[in-house]
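Structure first, commentary second.
Everything numeric here is computed off the predicted structure, so don't read it as measured data.
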Amino acid sequence: VQFVESGGGLVQPGGSLRLACAASGFTFSSNTMAWYRQTPGIQREWVAVITPAGNTNYADSAKGRFTISRDNAKNTAFLQMNSLKPEDTAVYYCNNLSGTWGRGTQVTVSS
């Protein structure tokens with residue numbers, strides 16, 4: 001099982017980023033996928049989840065601003081992040097609710 005996150009970067013407050021998670025080593029289309037984030041010194045936090053059927057759910061901090069999606073043909077999950085705030089600064093990870101983690105992608109929101 002492997003996850004490779006990409007798409008992070010430095011963005012100004014109010015900006016947008018689209019994160020991607022390339023997954024391999026399991027049947028992607030049959031797995032629930034989730035995004036998490038972690039700030040140094042703080043426990044990893046769940047952000048959003050999408051089921052194989054496409055049902056989604058979001059942490060309160062992400063509702064109305066973030067959108068999780070998936071492309072089963074490409075074994076890739078996405079996180080569209082709009083109206084970014086400085087408190088969204090973190091390393092973002094994706095996961096199939098297993099114990100395996102990728103390296104994550106750094107998102108920094110700063111002016």
Side-chain angles (χ1 to χ4, degrees):
V1 175
Q2 186 176 17
F3 305 101
V4 179
E5 299 92 347
S6 63
L10 173 63
V11 63
Q12 292 187 342
S16 298
L17 284 174
R18 188 187 194 213
L19 307 184
C21 167
S24 61
F26 63 98
T27 305
F28 181 84
S29 60
S30 300
N31 276 248
T32 292
M33 294 298 298
W35 284 94
Y36 298 79
R37 66 187 183 186
Q38 188 167 25
T39 303
I42 299 177
Q43 188 174 358
R44 193 167 291 172
E45 172 190 25
W46 167 73
V47 175
V49 65
I50 184 167
T51 69
N55 298 311
T56 60
N57 199 12
Y58 299 90
D60 287 345
S61 59
K63 285 179 181 176
R65 300 187 300 126
F66 294 3
T67 302
I68 188 172
S69 62
R70 63 192 299 157
D71 184 338
N72 290 336
K74 296 182 178 179
N75 288 358
T76 302
F78 301 96
L79 186 68
Q80 176 69 43
M81 305 188 297
N82 299 328
S83 303
L84 283 162
K85 306 174 181 179
E87 51 264 44
D88 295 318
T89 295
V91 179
Y92 284 71
Y93 303 86
C94 69
N95 187 272
N96 65 343
L97 308 187
S98 71
T100 301
W101 296 94
R103 293 186 175 182
T105 186
Q106 175 71 49
V107 171
T108 302
V109 185
S110 175
S111 55

Q: Drop me the distance from D71's CG to C21's SG, to the nearest 0.5 angstrom.
A: 12.5 Å

Pair up each side-chain donor or acceptor in residues 104-111 with any protein partner under 3.5 Å, not counting sequence neighbours, and list the distances.
{"from": "T105", "atom 1": "OG1", "to": "G8", "atom 2": "N", "distance (Å)": "2.9"}
{"from": "Q106", "atom 1": "NE2", "to": "A90", "atom 2": "O", "distance (Å)": "3.4"}
{"from": "Q106", "atom 1": "NE2", "to": "T108", "atom 2": "OG1", "distance (Å)": "3.4"}

**Q.** Pairs satisfying side-chain hydrogen bond (donor to acceptor under 3.5 Å, both in side chains), at least one member in residues 55-64, at least two apart
**A.** R37-S61, D60-K63

Q | Working for side-chain contact (heavy atoms from CB on, under 4.5 Å), residues V11 and M81 | A | CA-CA 11 Å; V11 63; M81 305 188 297; over 6 Å; no

**Q.** Q80 side, atom CD; L17 side, atom CG - distance, nearest 0.5 Å
**A.** 8.5 Å

Q. Transitively linked via ILVMFWY side-chain contacts under 4.5 Å: V49 with M33?
A. no

Q. If you measure from CG on N95 to OH on Y36, what distance do you get to the nearest 0.5 Å?
A. 5.0 Å

Q) For F3 and T100, which heavy atoms make the closest approach, and how far apart are they? A) CE1-O, 3.5 Å

Q) What pair of heavy atoms forms the shortest contact from T32 to L97, and how long is it? A) CG2-CD1, 3.8 Å

Q: Could you tell me whether the side chain of N31 and the main chain of F28 form a donor-acceptor pair under 3.5 Å?
A: no

(Q) If you count heavy atoms of other groups shown closer than 6.0 angstrom to CD of Q43, is the number above 12? (A) no

Q: Fit a plane to each ring of W101 and Y93, take the angle between them on a 0 to 90° scale, and name the class: parallel (under 30°), tilted (30 to 60°) or perpendicular (over 60°).
A: perpendicular

Q: List the atom of E5, the atom of C94, and the distance in Å for their closest heavy-atom pair.
A: OE2-N, 3.0 Å

Q) What distance separates F78 CZ from L19 CG, expressed to the nearest 0.5 Å? A) 10.5 Å

Q) Atom OG of S83 and atom CG of D88: how far apart are they, to the nearest 0.5 Å? A) 9.5 Å

**Q.** Between OG1 on residue T39 and CD on residue E87, distance to nearest 0.5 Å
**A.** 10.5 Å

Q) Which atom names give the shortest non-hydrogen contact between P52 and S29, and what distance separates them? A) CB-O, 3.3 Å

Q: Output all residues satisfying salt bridge (Lys or Arg N to Asp or Glu O under 4.0 Å) with R18, sequence neighbours left out; order by chain, then residue number.
A: none

Q: Following the transitive rule for hydrophobic clusters with a side-chain heavy-atom cut-off under 4.5 Å over Ile, Leu, Val, Met, Phe, Trp and Tyr, establish whether W35 and I50 coincide in one cluster.
A: yes

Q) Closest heavy-atom contact between N82 and S16? A) OD1-OG, 2.9 Å

(Q) Any side-chain to backbone donor/acceptor pair from Q2 onto G25? Under 3.5 Å, distance only. (A) no

